[in-house]
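Reading through the structure tokens given below for one structure.
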There are 2 protein chains.
Amino acid sequence: MRQDVVERSMVTKTDIDLPPEFVTYYYNQTLDHFNYKYESYLTFQQQYVVNSKYWGGANSSSPIFVYTGDEAGLYGDVISTSGFMIDLASRFQGLILYIEHRYYGDSMPLGYKQIEGQNDSTLGFFSSSQALADYAQLIIDLKRNLSATNCPVIAIGGSYGGMLASWFRLKYPHIAIGALASSAPILYFDDITPQNGYYVTATKDFRETSENCYNTIRQSWFEIDKVALQQNGLMELSNIFNSCMPLYSSEELKNYLSFVYLFSAQYDNPPYNLVSHICNGIDEAPEGTDILGKVAIGLNASFFGGRSCNNVIEVKPNNRSAWYWQTCTEMVMPIGCGENETMFQASPFDIENYTRTCQDLFGVSPRPHWITTEFGGHDIKSVLGNFASNIIFSNGLRDPYSAGGVLQNISDSIVAVFTKEGAHGLDLSTPSESDPDWLVAQRDKEVSIIGDWLGDYNAKLGGKK
Amino acid sequence: MRQDVVERSMVTKTDIDLPPEFVTYYYNQTLDHFNYKYESYLTFQQQYVVNSKYWGGANSSSPIFVYTGDEAGLYGDVISTSGFMIDLASRFQGLILYIEHRYYGDSMPLGYKQIEGQNDSTLGFFSSSQALADYAQLIIDLKRNLSATNCPVIAIGGSYGGMLASWFRLKYPHIAIGALASSAPILYFDDITPQNGYYVTATKDFRETSENCYNTIRQSWFEIDKVALQQNGLMELSNIFNSCMPLYSSEELKNYLSFVYLFSAQYDNPPYNLVSHICNGIDEAPEGTDILGKVAIGLNASFFGGRSCNNVIEVKPNNRSAWYWQTCTEMVMPIGCGENETMFQASPFDIENYTRTCQDLFGVSPRPHWITTEFGGHDIKSVLGNFASNIIFSNGLRDPYSAGGVLQNISDSIVAVFTKEGAHGLDLSTPSESDPDWLVAQRDKEVSIIGDWLGDYNAKLGGKK
């Protein structure tokens, strides 16, 4: 839960009308799978969406592709930005099942409509283990209702949802025969990944795009601080960066710029090339423009720029976002960087501050070692090399989160499929004619592996009949 | 939770003084691993016992054998009846760690000393998933404290504890490199195993011991009912069976006899040969003795006989036993048998009655499909054949629970090791000079497999250094 780390839920979404083949249902889900208290037996309505347009049906044991819902409601852009699911379904005559994660979208337990105003007494059932058990129970029941017990299930997800997809395969191999975990930083816990990996990767993205751009940004933090200390310095910064509201601190500006750079690195995917936009702005600034002027031009050229003024939003944890609850409980990714390690200002990870913030926001303390206790991560190659199978960990190395991803094959069937050029969650997006060859090749490889899993499954099933 | 099915916790235990190399500790355990409510963060003192007499130490990466505590306190007969742990430790220079299961023995949360008088508000945290997470957390912390992070852990348990050992390997492969699951009926859930498997196996034990014995018992239920219907019939039955207290129903007697037969079949292990005692009694009854007389002689010759009178205990679920809480929540093994299927009286499994009893005892409803949802079981060979490794499922085919055990190799490293002659949990008991060859061979095979796991682990560890 870094102030300046980008999460899916931070991107504004608008509800999108889906074509009629996407049908919405609600499942009567158990509130607490692991305990037997009175309230454990309460239920909530969990939203899920089924697309059966391509399905070959239960008799042909056609597959079910399950989108393991992540930190966003399904009816934001989730379904429309995971078009690779449709591609897979059409290739393999698959049913598509999107399951919304508890406490997101329409799947809010206990009668609430939003996170704000809740505390641990109602949010307390909000955990990754509960979410995985939700998926298990829902899938089993849905398959029974469809008489589709023999249909193989493949879990698919991206980012946090990618972690869930891989963990679902690991914890529920009797339900999912395989998983495609896209941009899933399952190794960004405890001390498995260097804390600054996220910032180092983002820095590399900028430096590879333009050495001048990288240098300009790297030097800009000092310049901002210098101006801020001058008389009327904040007003001058407000002018330079054309902020919609007067800045009240240089931190505010620096955090926002960091956010813009990190977001741009994280989603530095074709066809938008977010980093290039910033760097082109900086590199093509009129001669004589000083560092801050260049950085301001970079901001204006960014995904967030081009408006009549720059809305310097305060990028920090809040109690309105469900994702912050998760980071305040178990999704403790120790992301930070020290002085002069990257092009970013120093921002070390500090568990004490972190815990204090969580106490303030939700009245809970994080359990920083829980994820590795429950799901592992240390020595993953030794642990899973002789255990488990059928997981694709896909990454784009431009994604800062790829620093905590699985980038090595663990075994013949737990494989890393990555592209040097891609960033966060690119492979799950809808294939397009204009996709670069390396992306087409990445998806083709994934299709081929999944095809092998299904072939093996059907061969065994045939043998049993 | 059958009236007449035998559980470990039903056997009376007395506290036993252990030799000084068994050292008792308490761990500050998290009450609720999967939620983040206020009470989730409460802790309780979990008892564990360490024997480091044989340990080679952390530097030599010597193994840690973890006894995954089952439905009994450690300081009953658990430690003294699992002497194979000591044998393994001495062979492999292992540390032995016995972890008590929450809500048994001294590991009672929330200040209670016993189960009776509690309800779901305090017992609600009592589940197998919580217990497995307890083991995970305790083992990780203990290894860190011993600087033994590199030491391989092998989970070992019997009966319910055997299920836990195998599930621990499946769910926490990053913590345990393998598991020995002795007499673990992990397939006795849902409809995976025929409901009457338990009774069929017990019947087979008797029939193989003596056809006459089997026939006598099979006919005795009708005879008991017949006498009970006569005037003063219950008094006559009380006399025939020399009951300490007058019988108040024929059901009481029949349930008790069933219990004695099932217990004897379950623990029909050398050197006691419990079934033979009963059958010898019956077979050697004086000529002219009628069926009930023979059965009464059988009872007197049994493990429970030989006293001045027979204490016909009422064998039925109660709210004093922690195990019944477990059967009333998730450990729903549908064990039953119909008319004329076995030598036992009909006793079909009836989930509605079962649920009613649980509501009466604890105010909870069972979740009969939870275990297969969480841990699988259906199609285990297909599911685990291509997933997981390093589990020994050991059984003795005289054990009625072996009907729900894994009796086929699932893969090269998930193997079934069983003996025709053994019964429940025999391999875990302390090896003795008088052990029959087949038992020695069973344990030797287990030792050899575990030795291979440790060899592979150390070879990889050596390669990494």
Side-chain angles (χ1 to χ4, degrees), chain A residues 30 32-41 119-127 129-130 133 136-137 140 149 169-175 177 325 328-330 362-365 367 369-370 372-380 382-390 413 456-457 460-461 464, chain B residues 30 32-41 119-127 129-130 133 136-137 140 149 169-175 177 325 328-330 362-365 367 369-370 372-380 382-390 413 456-457 460-461 464:
Chain A
T30 304
D32 179 4
H33 300 278
F34 303 104
N35 293 320
Y36 296 90
K37 293 166 69 80
Y38 167 77
E39 65 264 30
S40 308
Y41 288 84
N119 59 30
D120 66 284
S121 69
T122 51
L123 292 174
F125 305 99
F126 184 3
S127 72
S129 295
Q130 298 283 11
Q137 194 171 303
I140 288 175
T149 313
R169 168 64 179 154
L170 290 176
K171 296 286 193 186
Y172 297 90
H174 48 290
I175 302 178
I177 69 155
W325 166 269
C328 272
T329 49
E330 58 191 22
F362 299 107
V364 289
S365 290
R367 290 175 176 162
H369 305 297
W370 170 249
T372 54
T373 299
E374 180 65 11
F375 301 111
H378 292 280
D379 291 317
I380 193 169
S382 319
V383 168
L384 298 187
N386 182 35
F387 189 96
S389 58
N390 295 8
S413 76
D456 286 351
Y457 177 87
K460 272 191 208 156
L461 195 67
K464 280 203 311 190
Chain B
T30 303
D32 179 5
H33 300 278
F34 303 104
N35 293 319
Y36 296 91
K37 293 166 69 79
Y38 167 77
E39 66 263 30
S40 308
Y41 288 83
N119 59 30
D120 67 284
S121 69
T122 51
L123 292 173
F125 305 99
F126 184 2
S127 72
S129 294
Q130 297 283 10
Q137 194 171 303
I140 288 174
T149 313
R169 169 63 180 155
L170 290 176
K171 295 286 192 185
Y172 297 91
H174 49 289
I175 303 178
I177 69 155
W325 166 269
C328 272
T329 48
E330 58 191 23
F362 299 107
V364 288
S365 291
R367 290 174 176 162
H369 305 297
W370 170 248
T372 53
T373 299
E374 181 64 11
F375 301 112
H378 292 280
D379 290 317
I380 193 169
S382 319
V383 169
L384 297 187
N386 182 33
F387 187 96
S389 58
N390 296 6
S413 75
D456 287 351
Y457 177 88
K460 272 191 209 154
L461 196 67
K464 279 204 311 192

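Not measured: the values here are computed from a predicted model. Every chain is numbered from 1 and lettered A, B, ... according to where its sequence line falls, protein lines coming before strand lines.
- Cation-pi geometry between K171(A) and Y172(B) is met: under 6.0 angstrom from the ring centre, within 45 degrees of the axis.
- Contacts between N390(A) and chain B at a heavy-atom distance below 4.5 Å involve the side chain alone, from C-beta outward.
- Residue contact with chain B, scored on non-hydrogen atoms closer than 4.5 Å, involves the backbone and the side chain of E374(A) alike.
- For F375(B), the part sitting under 4.5 Å from any heavy atom of chain A is the backbone (N, CA, C, O) and nothing else.
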Checklist entry - Can you check side-chain contact (heavy atoms from CB on, under 4.5 Å) on Y36(A) and W325(B), steps first, answer last? => result CA-CA 10 Å; Y36(A) 296 90; W325(B) 166 269; 3.6 Å; yes
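- By the 30° and 60° cut-offs, the orientation of the rings of H33(A) relative to W370(B) is parallel.
- Take E330(A) and apply the salt bridge (charged side-chain N to carboxylate O under 4.0 Å, His left out) test, not counting sequence neighbours, and it matches no residue.
- The shortest distance between side-chain heavy atoms of D120(A) and Y38(B) falls below 4.5 Å.
- Here NE2 of H174(A) is found 7.0 Å from OG1 of T373(B). Values are rounded to the nearest 0.5 Å.
- Proximity to chain B is absent for every atom of H369(A), based on heavy atoms less than 4.5 angstrom apart.
- Of all the listed residues (N386(A), L384(A), D456(A)), the one sharing the greatest number of non-hydrogen pairs under 4.5 Å with chain B is N386(A).
- Of the two parts of R367(A), only the side chain, counted from C-beta on, holds a non-hydrogen atom closer than 4.5 Å to a non-hydrogen atom of chain B.
- In this structure, chain B has a heavy atom under 4.5 Å from the side chain of T30(A), while its backbone stays farther away.
- Contacts with chain B were tallied for S129(A), S413(A), S389(A); S389(A) has the most, counting heavy-atom pairs under 4.5 Å.
- Proximity to chain B is limited to the backbone of F126(A), based on heavy atoms less than 4.5 angstrom apart.
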